[in-house]
There are 2 protein chains.
Amino acid sequence: SGWAPGPDGTEAFQVIISLKTLMYGRYTQDLGVYAKEEAARLRESGQRRSVADRSRTLDLLEYEKGRCAKCRICTVRCQKFLISRVGEDWIFLILLGLLMALVSWVVDFCIAICLQAQKWMYGGLDSNVFLQYLAWVTYPVVLITFSAGFTQILAPQAVGSGIPEMKTILRGVVLKEYLTFKTFVAKVIGLTCALGSGMPLGKEGPFVHIASLCAALLSKFMSLFGGIYENESRNIEMLAAACAVGVGCCFAAPIGGVLFSIEVTSTFFAVRNYWRGFFAATFSAFIFRVLAVWNRDEETITALFKTRFRLDFPFDLQELPAFAVIGIASGFGGALFVYLNRLIVQFIRKQKAINKFLMKKRLLYPALVTLLVSTLTFPPGFGQFMAGKLTQKESLVTLLDNRTWAKQGIAEEFDYIGHSQAWKHPQVNVFVTLVLFIVMKFWMSALATTIPVPCGAFMPVFVIGAAFGRLVGESMAAWFPDGIHTDGTIYPIVPGGYAVVGAAALSGAVTHTVSTAVIVFELTGQISHILPVMIAVILANAVAQSLQPSLYDSIIRIKKLPYLPELGWGHHEKYNIRVEDIMVRDVRYITLNCCYRDLHNVLLTGHLKTLALVETAESMILLGSIERAQLQSLLSQQLGRPRRLEYIRERAAAEKKLMSVVSNPGSEDESQRISQEVRFQVRARHSCNIWTHGNTSGFAESCLLTLIMCKCKFIAEWEEKQLDEQVNFNNCKIDPAPFQLVERTSLHKTHTIFSLLGLDHAYVTSIGRLIGVVSLKELRKAIEGSVTVKGVKVRPPLASFRDSGTSSSENETTELHKLWDRHKSMSLPREHTPSESDEKSQ
Amino acid sequence: SGWAPGPDGTEAFQVIISLKTLMYGRYTQDLGVYAKEEAARLRESGQRRSVADRSRTLDLLEYEKGRCAKCRICTVRCQKFLISRVGEDWIFLILLGLLMALVSWVVDFCIAICLQAQKWMYGGLDSNVFLQYLAWVTYPVVLITFSAGFTQILAPQAVGSGIPEMKTILRGVVLKEYLTFKTFVAKVIGLTCALGSGMPLGKEGPFVHIASLCAALLSKFMSLFGGIYENESRNIEMLAAACAVGVGCCFAAPIGGVLFSIEVTSTFFAVRNYWRGFFAATFSAFIFRVLAVWNRDEETITALFKTRFRLDFPFDLQELPAFAVIGIASGFGGALFVYLNRLIVQFIRKQKAINKFLMKKRLLYPALVTLLVSTLTFPPGFGQFMAGKLTQKESLVTLLDNRTWAKQGIAEEFDYIGHSQAWKHPQVNVFVTLVLFIVMKFWMSALATTIPVPCGAFMPVFVIGAAFGRLVGESMAAWFPDGIHTDGTIYPIVPGGYAVVGAAALSGAVTHTVSTAVIVFELTGQISHILPVMIAVILANAVAQSLQPSLYDSIIRIKKLPYLPELGWGHHEKYNIRVEDIMVRDVRYITLNCCYRDLHNVLLTGHLKTLALVETAESMILLGSIERAQLQSLLSQQLGRPRRLEYIRERAAAEKKLMSVVSNPGSEDESQRISQEVRFQVRARHSCNIWTHGNTSGFAESCLLTLIMCKCKFIAEWEEKQLDEQVNFNNCKIDPAPFQLVERTSLHKTHTIFSLLGLDHAYVTSIGRLIGVVSLKELRKAIEGSVTVKGVKVRPPLASFRDSGTSSSENETTELHKLWDRHKSMSLPREHTPSESDEKSQ
């Protein structure tokens, strides 16, 4: 029951709220014992290590006896000191930064080689257009198919961007298998192949995931040296820093990386973590760029897509309306992109025939999409009208060029050099090329990002935005050939600046972030256009946010990950809705002095993951909450197989004694009687089970049945007696401090508390009395007015106390279900309750 | 008792935790009634408004009957629509941004005029050095003295930076009088005069405060139109945005402003607010710069301190060690600055003689400090060796110059133009000038920021950092005259780049922020030095944070504002300390069925602001918490003057009846008897009071005393009876959901929860049973190992329920104290308990 298959058949999560331990700590009845044990363990491990160190020191001393022993001692001490320092945060962050910079650089290097190879093949076959086409198309199809297949086989969790999953994980939900070494390998290799194919895909999202994977694995590795790496809340903090590192080392943009990762992954952010993020991201970006210098790609450390706009007069005040237009249009464009992306996914899912076929031939969809996209970009074909031969990076470099392409509409005046030539077509205007590029790349990117390979959408969107900005800029340049400024000096319009603004605005609109502004400054190495960029990004966000969720939130909803929608701007009514308006008043609860029958009934009727424990039904004083599984195990302990067998054995012994008292004379056939008795009992239990399952096949004979009925009655009576006993909560783990609200708390406040603490549900109390409960579902409903999202299991607050794993509790549940089935069929043999079958199928 | 005078005699706060309402909502016993009233109010106001609108529309229609009535209707509708939109966040943010941009621009304009006036006076008197000196010195002394006096008289809360107070306010503590119109006026005028004097003071900190004031006042103003502005949690969100606007419009740095304000004011930050901040700060920065363009100061919107460093090769990789040195040295320098600043404040406070004298002549200290500083900067005097004639802004512009001042140590080669000439001295090397500038400005700034005027320390520190960076840069330039790069092209070293790095590093070290990096990019309009700046800022922060608190935290401690220290990096032990290690086990509690005597005893023995309410002493089930004042009012209601008088009246009536029954025949002198009786009683009560206060002056006669004793005994008996009655909690406001922890929660988690929720204390429970309490004090102790900080009253969670204001509860307390005094003196006449007198003096 712990595994719920996702609707698209590939994702299967068991999601577990683990932040709850952050809030409530781990609770066990025998705290003193636990503390003592832990203290002993720590002491022991400390002693062991120091003993090992000492013996090592001595060994070394003996070895180096003659030569400067003091120097050696010093070295050993330093070593010891270093080992003790391994636990420090900054060591971890430096290692993480270093590792990610290397990964980023190696991935970039491999992608560059892949792309070069394609160009070389394409260039070498220029004698035959058909062969050229074949090479141009086959290469990406093979790479994408390999990437999809490899990811599918090794770790399907590596598919997609990873930012939605990281957002969910940082909210305190544990997604299984999302932070394993397998996923790391699948993501890195899959991403390299996918981007090496030249498809319009990005590396940013996957790098956030890869950095988180790195942090998780590094944590595990480092925990071999020190104990601190096992701490849960520390790991969450490190994951937050890792997200920043991911963006930072991908774009060599430390500040933008930190801000972007905050915006896309957090609702509430600890300024504490911000430090870690800055530290690690800066180090990572530094190493990433230093590697480029060492590799002689660059003379010194500069921006990734360096621009050379003039500094003294970057733009005229009168150009601002044009920038605002870019912003607003980008807002609509961004919303459209998100909508289109979701539409494609939903269309393929809904068309059952297509879906079935594609599910069978999993690699067909990627191959088809790649074929389509690469056919359209084939440079001698349609690609010539949309600069098809440029890679993503080359397109961006040309789009950010500080020279004007079109002067008064006559493109011929400008001598295109380098890659910029690709935008020029003998017959077609540069404006047409740009428009075609934007339109084609738009749907291609939206389509390509639905391929099940590790890929992001940031970079393609960024390039489309830059092209759109360029288009507006070139139009402005054509409109005002001598600039707008009127005071003597001529300042021509810089279309490259428009491209920067467009890139920031469109990527900001798609991701619902404003930090894309900072990312463009860091990417271009120029901040002169700060105000146009900020204005456009804010306008784009305002428009996009009012139309569609962000791309990541859209994916979260598509993948049905647990989430809490954001409160929009200026929704006044949120301040006026109270908890009492949305809370569920009919709370399932158990009382401290309840009997097992009550437990049974409560478990049968409700579906909540946790149940409130109150003092008495009259006082309704909330004492704590108990996980459903805990109650099920309590019930199964009381009615389970061991106790049942024991009872039967006891009963048999008692009967035997009685019989031996009654029929003492006939003691010669005693042994025979006993064997028969035992045989009967075994059969009775067997057939009893069968009978209750309604399967009365030819086995049962008339006389035997009577006997069995009699036996069954005994057992039923025993069960009844057991159910009437008072529940013993001693061995049951109780969350002693579930979160409480009061009925007048506003929806706005409740939302804040839920997102701050990563809550799943909260009880509504009034002076200790339990009066209601609010869960994520109710909150979500109240905010959206939408129906609930099912299919994902949220692990309740007490989850972290359940250390035994899922398997045992699953067994218990199954056993319990049998008991219930039986119990029910005895009392109401024909009734089939849908609620129970639901429960089973879950 | 609500007012606690601060140790420096000027600050007096009543601090009130108001975030608590965010957490727990407002609780009243008669919720239904409240809700109905509110609903009725809303309906009524809505009706009233719509009626008014309609009548207005009709008026207009009648007036314009002939001419296009449709057009008019449309206008009126638009107007109506606009009014309804006034409640939207973005309207508020735009208004706030606009207002702050105007304020910032006007303040800057006035400061510039003031500084020009000084220069003009100084320049006009160049015939006589003594007159020149007099003019140079008198002008700032007058301005600073006026600023100090004006602020002192109008609103002493306007003194200083304001960032520490805003940090405290955003933590949920309400500082009285900090957000009033008076403070606004005092701060703006005081700041303008203080900065106009040319002292090394900054405008950033005060602008954060001014923006918050603006937001608070605007909220109040806007609440005349819509109801939403009264919401408390919304106001806190708007204050957070306002802080961003403050920094943003001060430096025309929207991104840096948002980040800086987050870093200095928040521990946990809602990404929601980040939006608001960006929106408002961008708008504000935009308007601020547009005003400069309209005023013909600038041709277009550019950075405030625009630099012109080369783009293609900003710095060599081998220069990085020099940048790292700047970072580390700035770290030490920053810590030293904070230490020096605190030392000066503490020195002046500790020297009682000085303190007393200065307290009497409040304006003497500012005048003396100004005199000292301006004497030393007098250009023909010592000022010639430290570029004394430059204003702060001019210094910064020259320091960020992209030309090199010293080539191979020979400063003469360079032709100093404009202000840069001030750094050149015929006899003295430019290095000596820079060193003198740094050293002198360092202590001057530390001293000047202790003057009780509205002022910040960011800008002076920024300039000192730039000078230090320039010094290192010029040294590097002298050391490597042809640059370090070896591959053909000569790239000379750019000392201006070093100045940028130094400025960011030192200001980052003093404020413990990394966003100063972003601020310098926005201030200079160039981002090419991003990696050196980031590295230096991070190193500076690492050093400074390990040595001293930030300047703002230092001021928070000096001013004894309530605070929670940050958890440092890599303090492993924090993960191992549990709540059970630090909690107070001896919790003061009251039971639901307690009598007034228990209440009395609990109030006498404890000092906690809130008391736990448990079910019974045996079960210890936590039901809620009650504020101390609530209990005091309960007790005073039970024993207070009205009930006492009533009792005496009743008793008198009863006695009279008895007497009239006994002495019925002598009814002619009845009236006389009654008057005598009443007189006796009045006297008795009077002398009873006097007696219990131990003041038995010649008034009491022997026979009267006997009677009084008898009366007093009656009253004491009555009191005893009253105290034995069970407490009626019906009219008492109970916080029904105080925050609960479990004993195994780690210190790290507890810290997170306390800072997330802005808690003051939390109860430690174990399955509903109360076992301990942790307050901010214990937490602070555990983190710092330091003693507690007193002198500031933290208002407990229920504070927001107390709507009657302080005055009434103060009266109640006083009355109660009298009762206690009396009660005690009767039972234990000689005992003087220090605890009680403490309570009184508080």
Side-chain angles (χ1 to χ4, degrees), chain A residues 22 24-27 31 87-89 228 231 233 254-255 262-263 266-271 278-279 282 286 293 299-301 308 311 313 316-317 514 518 521-522 525-528 530-531 534-535 538 569-570 572 575 621 623-624 734 736-737 740-742 744-745 748-749 756 765-768, chain B residues 22 24-27 31 87-89 228 231 233 254-255 262-263 266-271 278-279 282 286 293 299-301 308 311 313 316-317 514 518 521-522 525-528 530-531 534-535 538 569-570 572 575 621 623-624 734 736-737 740-742 744-745 748-749 756 765-768:
Chain A
L22 189 145
Y24 304 119
R26 177 164 147 178
Y27 181 80
L31 281 171
E88 304 255 327
D89 285 359
I228 191 63
N231 188 289
S233 50
I255 302 171
I262 290 175
E263 281 192 271
S266 311
T267 318
F268 279 84
F269 194 76
V271 177
F278 262 108
F279 181 73
T282 303
F286 170 65
V293 176
E299 248 186 327
T300 186
I301 294 179
R308 287 175 192 81
L311 288 176
F313 194 90
D316 196 282
L317 213 57
V514 285
V518 184
F521 302 141
E522 291 182 279
Q526 282 203 297
I527 201 168
S528 50
I530 179 162
L531 271 176
M534 290 299 297
I535 290 169
I538 286 172
W569 273 41
H572 302 170
Y575 296 97
I621 289 171
L623 298 180
I734 297 168
Q740 297 170 30
L741 300 166
V742 292
R744 300 239 355 123
T745 312
H748 182 256
K749 287 168 192 172
L756 264 174
T765 55
S766 167
I767 321 184
Chain B
L22 188 144
Y24 305 120
R26 176 164 150 176
Y27 181 82
L31 283 171
E88 303 256 325
D89 284 1
I228 190 65
N231 189 287
S233 50
I255 303 171
I262 290 175
E263 282 193 271
S266 311
T267 319
F268 279 85
F269 194 75
V271 177
F278 262 107
F279 181 73
T282 302
F286 170 66
V293 175
E299 248 186 329
T300 185
I301 293 179
R308 288 174 189 81
L311 289 176
F313 193 90
D316 196 282
L317 215 56
V514 286
V518 184
F521 302 142
E522 290 182 278
Q526 282 204 294
I527 202 169
S528 51
I530 178 163
L531 271 176
M534 289 300 294
I535 289 169
I538 286 172
W569 274 39
H572 302 170
Y575 294 97
I621 289 169
L623 298 181
I734 297 168
Q740 297 170 29
L741 301 166
V742 292
R744 297 228 12 111
T745 313
H748 183 256
K749 288 167 192 170
L756 265 172
T765 54
S766 168
I767 321 183

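Owing to the predicted nature of the structure, the values given are computational and were not obtained by experimental measurement. Proteins get letters first, then strands, A, B, ... in listed order; numbering begins at 1 in each.
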Side chains of T282(B) and I530(A), heavy atoms from C-beta outward: is any pair under 4.5 Å? no

Interface moiety of I255(B) toward chain A, non-hydrogen atoms closer than 4.5 Å: side chain

Side chain, backbone, both or neither: which part of V514(A) has a non-hydrogen atom closer than 4.5 Å to chain B? both

Under 4.5 Å from any heavy atom of chain B - which part of I538(A): side chain

How far does CD of E263(B) sit from CZ of F278(A), to the nearest 0.5 angstrom? 6.5 Å

What distance do Q526(B) atom CD and F521(A) atom CZ have between them, rounded to the nearest 0.5 Å? 13.5 Å

I535(A), V518(A), I527(A): which one forms the most heavy-atom pairs within less than 4.5 Å of chain B? I527(A)

Greatest number of non-hydrogen atom pairs under 4.5 angstrom with chain B, of P254(A), S528(A), G525(A), falls to G525(A)

